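Notes for the one structure printed next.
Quick caveat: nothing in here was measured; it's all calculated off a predicted structure. Residue numbers begin at 1 in each chain, while the letters A, B, ... track the order of the sequences.
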Amino acid sequence: MSSYYSVIHVLKKSNEGDVVNLRGWVYRLRWLGGKVFIVLRDHSGIIQCVVDKDEARRFGKEISELGIEASIIIGGTVRFDKRAPGGKEIKVTELRVVGVSNNFPIKGGEGIDYLLDNRHLWIRSRRLTSIFKVKHTMLKGLREYFSSNEWWEVTPPILTMSAVEGGATLFPVDFFGRKAYLSQSAQFYLETLIFSLEKVWSVTTSFRAERSRTRRHLYEYTHLEAEAAWMGMKEMMTVVEEMVKAGVKKILDERLDELETVKRDITKLEQVLSNRFDVITYDEAVELLREKGVKIEWGEDFGADEERVLTQQFDTPIFVTMFPRKIKSFYMKVSEDNPELVYGFDLLAPEGYGEIVGGSVREDKYDTLLNRIREEELNPKDYEWYLDLRKYGSVPHSGFGLGIERMLMWISGLDHIRDATPYPRFRDRLYP
RNA sequence: GCCGGGGUAGCUCAGCUGGUAGAGCGUCGGGCUGUUAACCCGAUGGUCGGGGGUUCAAGUCCCCUCCCCGGCGCCA
């Protein structure tokens, strides 16, 4: 045995009678008299391999070592057969068990708790594999969007001294005897970089120590953030819309098989590409909610129920803009027309998935920013370097953050964010 | 943090008003030359989450505690 083909190559390119070598893992195993059906799985797919009775006798030792998830190398000839899944199978003439697997703990029908305890093995499932392939392609689409529009990718720190926003809870870390924290956002560091690179973006891991108990929260998640000098809100919203569409388009171009294995309704995603994202102001959203019978006071933030009602009115993601300053962070720029509002925007995914992007114009005036910090009862000392940016060549600018797992959850139609990442950290789960 | 549900065989669960446990799946053994989560026959299986209490008797009732799930809040 010398060179190996992938399963997908054999399924798509091989002809009847071709001699091929494959390697992978045992996905299904069925004995039938002296005959053995092995469904082989590799990174690209699954294919049925058949060991006939006389061959099975010859491979006595190998056959006895076979088990679900054992790693194997197979040689044989391609046979077209309607009875085989995919229409093709391998008539096995060579078989070697590389790594045995006795009594694989996942057999089907297990509950969520058991499966999460065995995440390191569950991860091999076709469903999770498909989701991670979609994630890869989504990130590729987003990256390509930034690259082809002259944005610089940068690498901000994860270990930080203090919070970006006052409210969110941070994970403390011992930094050689000093107290440090795991970053919850790269925003402030990206802001420092726009003074040289102008348009910057990054993908980092962000951490939130709030004990959230929802299907949309992770303690540790992949955060895509962007920040650009000279950009106003409209412009930045256009960036968000184009970027999201670029990600969706890439997936529709390259990952249809995977979307099918996760049973995602493709038409829902196609609608996203063919329409402009609707934009409504906070005021309009409140009005709309009241028309739908939702009780909400002006000045209250939207909860899960409100977001659900709101997004169900639209087929595409929608922007909500111009929020009351009271419910948003101190760094958001206050409106010139109405000091009660800030130039902030959220992008809400449809079908009830809710917020996937939060962005804003940043306050660029030193005095105003300082007042806002005091207003929120934060310590200006902690924000000295951040305030410096408003002292030396300040520039109007804006930015946003996108939750990668949230976006993936929506695109893949997941009912829980835990499957949007290999090892979800949530609800105090740390093993494996 | 708050509200609700739940911890019984390796896994998924049943067990009414108290009388010391049961199914399916898995596992093991056997059968079957076309199975698609194969099927058929047989066997195997438990300190009922932990601690304390009431009682002749507790999986079942009471108290404490730990863990898990669903929802809300917080956010991406």
Count the heavy atoms belonging to other residues, nucleotides or ligands that lie under 6.0 Å from CD of E377(A), then report whether that count exceeds 12.
no
Should we say atom CZ of R58(A) is surrounded by more than 12 heavy atoms from elsewhere, each under 6.0 Å from it?
yes
Is the base of rA76(B) stacked against the aromatic ring of Y221(A), taking ring centres under 5.5 Å apart and planes under 30° as the test?
yes
Ignoring hydrogens and angles, does a donor from either the side chain of K107(A) or the base of rG26(B) sit under 3.5 Å from an acceptor on the other?
no
Length of the NZ-C1' vector between K328(A) and rA76(B), whole Å
11 Å
Donor-acceptor pair under 3.5 Å: do we get one between S212(A)'s side chain and the base of rC75(B)?
no
Nearest to the side chain of N103(A), heavy atoms from C-beta on, is which of rA37(B), rG26(B), rG34(B)?
rG26(B)
Could you work out the separation of rC3(B) and rU8(B) based on their C1' atoms and round it to a whole Å?
27 Å
For rC32(B), what is the paired nucleotide under Watson-Crick or G-U wobble rules, both distances under 3.5 Å?
none
Heavy atoms of other groups near W25(A) CH2, more than 12 under 6.0 Å:
no
Could you give the distance separating rG46(B) and rG34(B) at their C1' atoms, to the nearest angstrom?
40 Å
Spell out yes or no: do the side chain of E89(A) and the base of rG34(B) have one donor N/O and one acceptor N/O closer than 3.5 Å?
yes
Specify the residue among H223(A) and G303(A) whose closest nucleotide of RNA chain B lies further upstream toward the 5′ end.
G303(A)
Inter-nucleotide P distance (rC28(B), rG15(B)), Å rounded
31 Å
For the P atoms, the ones on rG51(B) and on rU60(B), what distance do you get once it is rounded to whole angstrom?
13 Å
Taking the minimum atom-to-atom distance to the side chain of K35(A), which one of rG34(B), rA76(B), rC32(B) wins?
rG34(B)
If you measure from the C1' atom in rG29(B) to the same atom in rC13(B), how many Å do you get, rounded?
27 Å
Counting only heavy atoms and a strict 4.0 angstrom limit, can you tell me which residues of residues 288-297 of chain A come near RNA chain B?
none
Assign R213(A) to base, sugar-phosphate, or nothing according to its heavy-atom contacts below 4.0 angstrom with the strands shown.
base
Is atom OH of Y5(A) surrounded by more than 12 heavy atoms (other residues, nucleotides or ligands) closer than 6.0 Å?
no
Tell me if the side-chain of R79(A) makes a donor-acceptor pair with the base of rG34(B), cut-off 3.5 Å, by modelled atom types.
yes
For the base of rC75(B), is there a side-chain donor-acceptor partner from R406(A) under 3.5 Å away?
yes
Measuring only the P atom in each nucleotide, how far is rC25(B) from rA21(B)? A whole number of Å is fine.
23 Å
Check this for me: W31(A), atom CH2, are more than 12 non-hydrogen atoms of other residues, nucleotides or ligands nearer than 6.0 Å?
yes
Taking a pair as Watson-Crick or G-U wobble with both distances under 3.5 Å, which nucleotide is matched to rA43(B)?
rU27(B)
Salt-bridge test for E405(A) and R418(A): reply yes if a basic N is under 4.0 Å from a carboxylate O, no otherwise.
no
Have a look at R308(A) and say if it touches a base, only the backbone sugar-phosphate, or nothing, with a 4.0 Å heavy-atom cut-off.
sugar-phosphate
Let me spell it out: for each of Y114(A) and Q48(A), pick the nucleotide of RNA chain B with the closest heavy atom. Which residue's pick is nearer the 5' end?
Y114(A)
Atom P, compared across rC72(B) and rG59(B): separation rounded to whole Å:
38 Å
Looking at rC16(B), which nucleotide sits across from it as a Watson-Crick or G-U wobble partner, both distances under 3.5 angstrom, or is there none?
none
Rounded to the nearest Å, what distance is computed from the CZ atom of residue R83(A) to the P atom of nucleotide rU33(B)?
14 Å
Check every strand shown and say whether L32(A) touches a base, only sugar-phosphate, or nothing at a heavy-atom separation below 4.0 Å.
base
Could you work out the separation of rG50(B) and rC68(B) based on their C1' atoms and round it to a whole Å?
15 Å
Any strand is fair game: report the nucleotide pairing with rG1(B) by Watson-Crick or G-U wobble, both distances under 3.5 Å, or none.
rC72(B)
